[in-house]
K.L.:
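Below is the structure I would like to discuss, written out as structure tokens.
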Amino acid sequence: MADVKREIERKYEATDGELPGLVGAGGVAEVVDRGVVELDATYYDTADERLGAASLTLRRRTGGSDAGWHLKFPVAPGVRDEIRAPLADTVPEEIAALVRSRVRGAELVPVVRLRSARDVRHLVDADGALLAEASVDTVTAERLNRAGGTARWTEIEVELADGADPALLDAVEERLGAAGVRPSKASSKVAEALRRTGGSRARSGRAAEPVTAGDHVLAHLREQREAILARDPGVRRDLPDSVHQMRVATRRLRSAFRSFRSVLDPDATAPVAAELKWLARELGVDRDQEVLADRLTGALAALPPGQVTGPVRERLASWATARHGSTRGHLLGVLDSARYLALLDSLDVLLADPPLRRKAAGKPRKVLTRALEKEGGKLSRLIEAALELPPGEDRDHALHEARKRAKRARYAAEAAVPALGGPARALARRAKKLTSLLGEHQDSVLARQALRELAAVAHAAGESAFTYGVLYEREEQAARRTEAELPGRWRKARSAFPG
């Protein structure tokens, strides 16, 4: 079973291999010598170094207290999540799954071997509690998969202890800086090894500034493709909001294909869009259940005690847990499926050789503004048609369709912000508010459906269905309030559309 550790550390160049005095820096009362540890780590990547390009590191390490397989994900500068699995000859499945969206069918091969003599010091406070571990590492690197030879260097590493104040690292860095020690130019040992040993695949520098309408649309598409890949491990780890963010990225991609048809050939993008729709639907099973369970749980907690009859809380909790468990297992199967991995390959192929149309070469302001005009017109027709319907199932359905179109308009506006600036940003903001209102309405529709199902099950079990009826009535009232607010919200959004 893999373990997770949040790693907060900083690395420094060590010219003379000595650790400056750190007593008094940020509450450090004593520096305790813990001896030298010999570490031997082999780093793995694909032949074209896909993990390195995504700032991921995968290694098999022996020596020290944490021998085993380690996969590191960047969280913020100097902060990484380290996934650990026991030592084995091959990459453990729980680790391999977390890089599957990057690796796909490629083989993970050894790329660098690092042998380090780590001179460890513990920085402790006046009570002897560990604040951080500082080490002077003498590293020997050997390039394994390309010509490049070996390299040797010394560096200082300071890693914050669990629960310690991150401000300690600033105090230590100030003390190191006063002694002439400078931060390392590389973010990790393996990055430094690749730099020193040579043979590393050249990384593309800063992307060229978008010039044409096609440049802007493709930059947006690549950003969303990367968001899917970046969120995939979080979904597998069941991290908060990861499913939602991955689903949003799939929707943004699909919406861009449809909103910017004048830029990208819709016949070429249609097959990929269809697969994105499938993926969003699969992701939505878990996400929609999570949102619905939170809504019903919150509504039940807000009821006066006298309106809660029978084991409603217990039934709702078991319903939510059972639904989440079944949908999660299904979702993990989706992420491991050949269909999902083929979708990622199709996205890569499309973006490598995009099916650009004539208007892709046009000026961004003109082409993207026209796309937003069209989105506004289509949304207007849906909203106005829905408002003419009487309350009921037909209006609920019409408002749901309007909500989907409002999301597409919002996503198109957000994609156009780099080209259109303030006007697109204002449109995106108002479209988001409109979408939120329509989303509140749709949530009430789904909540009422769930309450009817729960009430039927409770009644069949001989329990009172009174509380479910109270919650149902409250959801109906919430829906009517959103419908009453909609015309005003729509007028504000409509005024922000061009044309």
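None of the values given here were measured: they were computed from a predicted structure. Count residues from 1 along the sequence.
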K.L.:
With a 4.0 Å cut-off, would you call R405 and E375 a salt bridge?
P.N.:
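Salt bridge present between R405 and E375.
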
K.L.:
Going by salt bridge (charged side-chain N to carboxylate O under 4.0 Å, His left out), name the pairs with one or both residues in residues 479-499, residues two or more places apart or in two chains.
P.N.:
E384-R494, R395-E483, R480-E483, E485-R489

K.L.:
With distance as the sole test, does R339 use its side chain to make a donor-acceptor pair with the main-chain N or O of V334 at under 3.5 Å?
P.N.:
no

K.L.:
Report yes if some heavy atom in the side chain of L438 is under 4.5 Å from a heavy atom in the side chain of I383; otherwise report no.
P.N.:
yes

K.L.:
Classify the side-chain pair D215/T212 by whether it contains a donor and acceptor separated by less than 3.5 Å.
P.N.:
yes

K.L.:
Do T467 and Q307 come close enough that some side-chain heavy atom pair is under 4.5 Å?
P.N.:
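No, too far: nothing below the 4.5 Å cut-off.
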
K.L.:
Using the salt bridge (Lys or Arg N to Asp or Glu O under 4.0 Å) rule, pick out the option among K5, K11, R80 that qualifies with E159.
P.N.:
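Result for salt bridge (Lys or Arg N to Asp or Glu O under 4.0 Å) with E159: K5.
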
K.L.:
Are any non-hydrogen side-chain atoms of R252 and E223 less than 4.5 angstrom apart?
P.N.:
no

K.L.:
Could you tell me whether E94 and R236 have a side-chain N and a carboxylate O separated by less than 4.0 Å?
P.N.:
no

K.L.:
Checking Y43 against R59 for the side chain to side chain donor-acceptor pair (under 3.5 Å) test, could you report, in this order, the C-alpha distance in whole Å, the side-chain angles of both residues, the deciding distance, and whether it holds?
P.N.:
CA-CA 4 Å; Y43 288 77; R59 73 186 178 198; 3.2 Å; yes

K.L.:
For Y44, give me all partners under ring-ring contact (aromatic ring centres under 6.0 Å, His included), at least two apart in sequence or on another chain.
P.N.:
W69

K.L.:
Could you grab the distance from atom CG of L341 to atom CZ of R100, nearest 0.5 Å is fine?
P.N.:
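Separation between the atoms: 7.5 Å.
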
K.L.:
If only side-chain N and O atoms count, and only distance matters, is there a donor-acceptor pair under 3.5 Å linking Q477 with E473?
P.N.:
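Yes, because at least one side-chain N or O of E473 sits under 3.5 Å from a partner of the opposite role on Q477.
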
K.L.:
Can you list everything that forms a salt bridge (charged side-chain N to carboxylate O under 4.0 Å, His left out) with R474? Sequence neighbours excluded, please.
P.N.:
none

K.L.:
Kindly give the heavy-atom pair with the smallest separation between V367 and K359, and that separation in Å.
P.N.:
CG2-O, 3.6 Å

K.L.:
Look at the side chain of S346 and the backbone N and O of A342, then say whether any donor-acceptor pair between them is shorter than 3.5 Å.
P.N.:
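Between the backbone of A342 and the side chain of S346 there is a qualifying donor-acceptor contact (under 3.5 Å).
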
K.L.:
Can you tell if the side chain of V103 reaches within under 4.5 Å of the side chain of L51, non-hydrogen atoms only?
P.N.:
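Heavy-atom side-chain distance check passes, below 4.5 Å.
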
